[in-house]
Amino acid sequence: MTVAGCADNEFQCKNGLCIQEEWTCDTDNDCWDGSDENLPECPPRGQCTGNHEFKCTNNRCIPIEFRCDGDNDCNDRSDEAGCS
């Protein structure tokens, strides 16, 4: 989506800040005003259905980049299971 002031691969926050489009709906408030997380296409929080989330065996949601990072982010080690 191209918006005046932002590049083709960027999202313009309601406050005018431009962020990478892939940062929308990632459960991280990159815009500071929440507009990147309050979009109709964003999955409801806590359901771990976003592309940027990993659902632990204990149903905890963590950012996908925490998977296979060597840290027990899920508190049940399921985020480290099956990693090489």
Side-chain angles (χ1 to χ4, degrees):
M1 166 166 88
T2 303
V3 180
C6 293
D8 288 343
N9 64 344
E10 292 181 322
F11 170 81
Q12 186 169 21
C13 307
K14 286 184 179 177
N15 62 12
L17 182 68
C18 295
I19 64 167
Q20 293 180 32
E21 192 165 20
E22 64 195 36
W23 291 357
T24 61
C25 301
D26 68 353
T27 71
D28 199 19
N29 187 3
D30 302 294
C31 285
W32 307 329
D33 64 7
S35 59
D36 61 314
E37 300 304 318
N38 294 320
L39 301 170
E41 61 267 22
C42 294
R45 297 213 24 103
Q47 291 191 3
C48 299
T49 55
N51 293 335
H52 303 282
E53 295 181 292
F54 173 78
K55 186 172 186 175
C56 306
T57 302
N58 62 10
N59 292 323
R60 182 176 181 195
C61 300
I62 62 168
I64 194 72
E65 59 267 14
F66 290 4
R67 171 110 169 85
C68 296
D69 67 353
D71 294 325
N72 181 15
D73 301 294
C74 287
N75 294 328
D76 66 2
R77 301 213 52 83
S78 60
D79 58 310
E80 300 303 317
C83 300
S84 55

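The analysis underlying the following values was restricted to heavy atoms, covering all of them including side chains, and did not include hydrogens, waters or symmetry mates.
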Looking at [X] and [Y], would you say the former's side chain and the latter's main chain have a donor-acceptor pair under 3.5 Å?
X: Glu21; Y: Phe11; answer: no
X: Asn29; Y: Gly34; answer: yes
X: Asn15; Y: Leu17; answer: yes
X: Arg67; Y: Ala81; answer: yes

Checklist entry - Taking only residues two or more places apart in sequence, or in another chain, which ones meet Thr24 in a side chain to side chain donor-acceptor pair (under 3.5 Å)? => result none

Next on the checklist: Applying side chain to side chain donor-acceptor pair (under 3.5 Å), can you list everything that pairs with Asp76, at least two apart in sequence or on another chain?
Outcome noted: Ser78

To check you understand the geometry: which heavy-atom pair defines the closest contact between [X] and [Y], and what is its length?
X: Glu53; Y: Cys61; value: OE2-CB, 3.9 Å
X: Glu37; Y: Asp28; value: OE2-O, 2.9 Å
X: Asn75; Y: Arg60; value: ND2-NH1, 3.0 Å
X: Phe66; Y: Ile62; value: CB-CD1, 3.8 Å
X: Asp33; Y: Ser35; value: OD1-OG, 2.7 Å

Checklist entry - Are we looking at SG atoms under 2.5 Å apart for Cys13 and Cys18? => result no

Checklist entry - Is the gap between the SG atoms of Cys74 and Cys56 under 2.5 Å? => result yes

Checklist entry - Yes or no on side-chain contact (heavy atoms from CB on, under 4.5 Å) for Glu41 and Cys25, after CA distance, side-chain angles and deciding distance? => result CA-CA 8 Å; Glu41 61 267 22; Cys25 301; 4.1 Å; yes

